[in-house]
2 protein chains.
Amino acid sequence: MKLSKRGEYALRSLINLGIAAKVGRSLVRVTELAKAEDLPIKFLEQVMQQLREAGFVESVRGKHGGYRLAKASSQIHIGQIVRLIDGPLAPIGCVSQTAYAPCNCPDEAHCGLRMLMLDVRNAIAAILDRYTLADVVEVTTRKMVTSGRALPYSSPAEAPAPRSKARTRRPHAHTSPTEGVIHQLLGDYAI
Amino acid sequence: MKLSKRGEYALRSLINLGIAAKVGRSLVRVTELAKAEDLPIKFLEQVMQQLREAGFVESVRGKHGGYRLAKASSQIHIGQIVRLIDGPLAPIGCVSQTAYAPCNCPDEAHCGLRMLMLDVRNAIAAILDRYTLADVVEVTTRKMVTSGRALPYSSPAEAPAPRSKARTRRPHAHTSPTEGVIHQLLGDYAI
DNA sequence: CTTAATCCCTACTAAATCAATGTAGATTAG
DNA sequence: CTAATCTACATTGATTTAGTAGGGATTAAG
């Protein structure tokens, strides 16, 4: 049930771009993104292209160029990214909602394996399609703040200082069927 | 988040062996298993070897040989099989319970991605480690019975006729955090 | 004892995927 | 003009996947 390196790098970079956006930094270079997570630059360049072509990030070329999110991080669902990079969430094609393919079992209706894998698919999708980049960024930055470390991408020049940002997220109060770590952390208002 | 063909074949074959066991058939040949699901024989032989070496099935050699489950199907958890064939359930190594490997992120404690993937891992494991081969067999055979089709492996010679088998499964009453299709079907007592 | 059916074992391979790397071009700021 | 940056495309090496091939060992039955 692996996430590819490509997918991991994409998500890590998007999280970094999300932090940058939150902190008022308008552009981040690939080299910065690569250094921040220790990723191979040329490989990451490819990944960023893919994210740009899919409309998740936009770029500015030339000197002082870089990447930024193309939409609000709350509009980018993790499932979208994983599907883009790694394909369907479903363990087998015959339970995929976005890329169904019949399996070779004689009769899908009697296939217990299929039903089990449908449950798995739904469990995965329930998480990855529920949470957004904003959620992951929130958890990451909150953790950083509580442990007293400065957020990266504190804009050196052009930033209007991160205004303390009135709560924008829905509260995740009793809204969740899958109550995992992320849910707990987002619910924890005592920063 | 793919399950490999190898893994799929292993599970399909185990389900067939589970049905065979339930129906009183003591041995099933690889060729039968392959034909039942239309799988490549020689490839399936390899898979069966792997299942045997891991102790999930046992074999009888020679003419009239074949395979059977090495333990009760209720003692075989799906997660065990998937881990055996396809490796850890976790999408990334740093959230694996059975094969942890550090990721290259600077600090795991501040890694929102890691927490999200931990939730995914837990969601997958909650299903695959909860349900057993017996559950999947139960769902499969029940579906077959309700739609009036005969169960395969009706033993031609050596079987003592499937006694109607007093309910052996725990009822899955309010025991489940992940209530998916399988849970619903197992809870449905009106066969 | 011979034969046929079966599992057991090892090796091989073709194709796909993964994870990069390399080279050169286009664009922009200064 | 030059340096910094994204863009595009080609190539590569390693690994994994999904098989195929060929025989060897064991057993039942005649």
Side-chain angles (χ1 to χ4, degrees), chain A residues 1-13 17 26-35 37-54 56-68 70 82 84-88 91-93 103-104 157-158, chain B residues 1-13 17 25-35 37-54 56-70 82 84-88 91-93 103-104 157-158:
Chain A
M1 311 304 225
K2 288 270 163 289
L3 178 74
S4 70
K5 287 296 177 189
R6 213 182 164 83
E8 183 186 330
Y9 296 171
L11 290 173
R12 287 194 190 284
S13 297
L17 290 182
S26 63
L27 285 175
V28 184
R29 292 179 290 261
V30 171
T31 55
E32 287 181 278
L33 293 170
K35 183 176 289 183
E37 305 280 343
D38 194 35
L39 314 179
I41 296 180
K42 293 302 287 182
F43 189 39
L44 185 57
E45 274 185 352
Q46 286 181 36
V47 176
M48 296 309 293
Q49 288 307 312
Q50 199 172 348
L51 291 174
R52 184 182 58 81
E53 282 157 24
F56 293 108
V57 304
E58 53 194 22
S59 63
V60 172
R61 301 174 63 158
K63 200 164 183 175
H64 297 35
Y67 286 95
R68 69 169 83 92
V82 174
L84 171 68
I85 306 282
D86 278 12
I92 53 183
C103 54
N104 60 345
E158 55 193 320
Chain B
M1 310 306 218
K2 289 268 162 294
L3 178 74
S4 69
K5 288 294 178 191
R6 213 181 162 83
E8 182 187 331
Y9 297 172
L11 290 173
R12 287 193 190 284
S13 298
L17 290 182
R25 170 77 171 272
S26 64
L27 285 175
V28 184
R29 291 179 290 259
V30 171
T31 55
E32 288 180 278
L33 293 170
K35 183 177 290 183
E37 305 279 343
D38 194 34
L39 314 179
I41 296 181
K42 294 298 287 185
F43 189 40
L44 185 56
E45 273 186 355
Q46 287 178 32
V47 176
M48 296 309 294
Q49 288 309 311
Q50 199 173 348
L51 291 174
R52 184 182 57 81
E53 281 157 23
F56 294 107
V57 304
E58 53 194 21
S59 64
V60 172
R61 302 174 63 160
K63 201 164 183 176
H64 297 36
Y67 285 95
R68 67 169 83 93
L69 296 181
V82 174
L84 171 68
I85 306 281
D86 278 12
I92 52 182
C103 55
N104 60 345
E158 55 191 322

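Every chain is numbered from 1, with letters handed out A, B, ... down the list of sequences.
Put simply, the residue from Arg52(A), Glu53(A), Glu45(A) that forms a side-chain hydrogen bond (donor to acceptor under 3.5 Å, both in side chains) with Gln49(A) is Arg52(A).
Rounded to whole angstrom, the span from the NZ atom of Lys63(A) across to the C1' atom of dA3(D) amounts to 5 Å. Between Leu3(A) atom CG and dT17(C) atom C1' the separation is 15 Å, expressed in whole Å. Leu44(B) has its CG atom 17 Å from the C1' atom of dA21(D), to the nearest Å. dC9(D) atom P lies 14 Å from atom CD of Gln50(A), rounded to whole Å. Rounded to a whole Å, the NZ atom of Lys35(A) is 13 Å from the P atom of dA4(D). Distance Tyr67(B) OH to dT6(C) P: 13 Å, rounded to the nearest Å. For Leu27(A) and dT28(C), the CG to P distance is 13 Å, given to the nearest whole Å. Computed from coordinates, the Leu39(B) CG to dA18(D) P distance equals 12 Å when rounded to whole Å.
With hydrogens and angles left out, the side chain of Glu45(B) and the base of dC8(C) share a donor-acceptor pair within 3.5 Å. Residue side chain Lys42(A) reaches the base of dT23(C) through a donor-acceptor N/O pair under 3.5 Å, judged by distance alone.
Under the 4.0 Å criterion applied to side-chain N and carboxylate O atoms, Arg68(B) and Glu58(B) are assigned as salt-bridge partners. A salt bridge does not link Glu32(A) with Lys35(A): none of the charged nitrogens is closer than 4.0 Å to a carboxylate oxygen.
Taking every side-chain heavy atom of Gln46(A) into account, dA10(D) is the closest of dA10(D), dC6(D), dG19(D). Ranking dC7(C), dG30(C), dT28(C) by closeness to the His64(A) side chain, first place goes to dG30(C). Residue Lys5(A) places its side chain closer to dA19(C) than to any other of dA5(C), dA19(C), dC9(C). Closest approach to the Phe43(B) side chain among dT7(D), dT6(C), dA18(D) is made by dA18(D) (side chain taken as heavy atoms from C-beta onward). Distance from the side chain of Arg52(B) is smallest to dC9(C) among dA4(C), dA26(C), dC9(C). Distances were taken from every side-chain heavy atom of Arg29(B) (C-beta onward) to each of dA20(C), dT27(C), dT6(C); the shortest belongs to dT6(C). Closest approach to the Val30(B) side chain among dA4(C), dC7(C), dT10(C) is made by dC7(C) (side chain taken as heavy atoms from C-beta onward).
Between Pro40(B) and Glu53(A), the residue whose closest nucleotide on DNA chain D is further toward the 5' end is Glu53(A). Heavy-atom nearest nucleotides on DNA chain C were determined for Arg61(A) and for Val28(B), and the one closer to the 5' end corresponds to Val28(B). Residue-to-nucleotide proximity on DNA chain C shows that, of Gly62(A) and Val60(B), the 5′-proximal contact is made by Val60(B).
Between Gln49(B) and dC7(C) there is no side-chain N or O to OP1 or OP2 distance below 4.0 Å. OP1 or OP2 of dC8(C) sits under 4.0 Å from a side-chain N or O of Ser59(B). Residue Tyr9(B) has no polar side-chain atom (N or O) positioned under 4.0 Å from OP1 or OP2 of dT17(D). A close approach under 4.0 Å does not occur between any side-chain nitrogen or oxygen of Arg6(A) and OP1 or OP2 of dC18(C).
Looking at Tyr67(B) and Leu27(B), their side chains never come closer than 4.5 Å, going by heavy atoms from C-beta outward.
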>> Determine whether His64(A) and Arg29(A) satisfy the following criterion, side-chain contact (heavy atoms from CB on, under 4.5 Å), listing intermediate values before the conclusion.
In response: CA-CA 8 Å; His64(A) 297 35; Arg29(A) 292 179 290 261; over 6 Å; no

> Under the side-chain contact (heavy atoms from CB on, under 4.5 Å) criterion, do Met1(A) and Asp86(B) qualify, and how do the steps go?
Replying inline: CA-CA 8 Å; Met1(A) 311 304 225; Asp86(B) 278 12; 5.9 Å; no

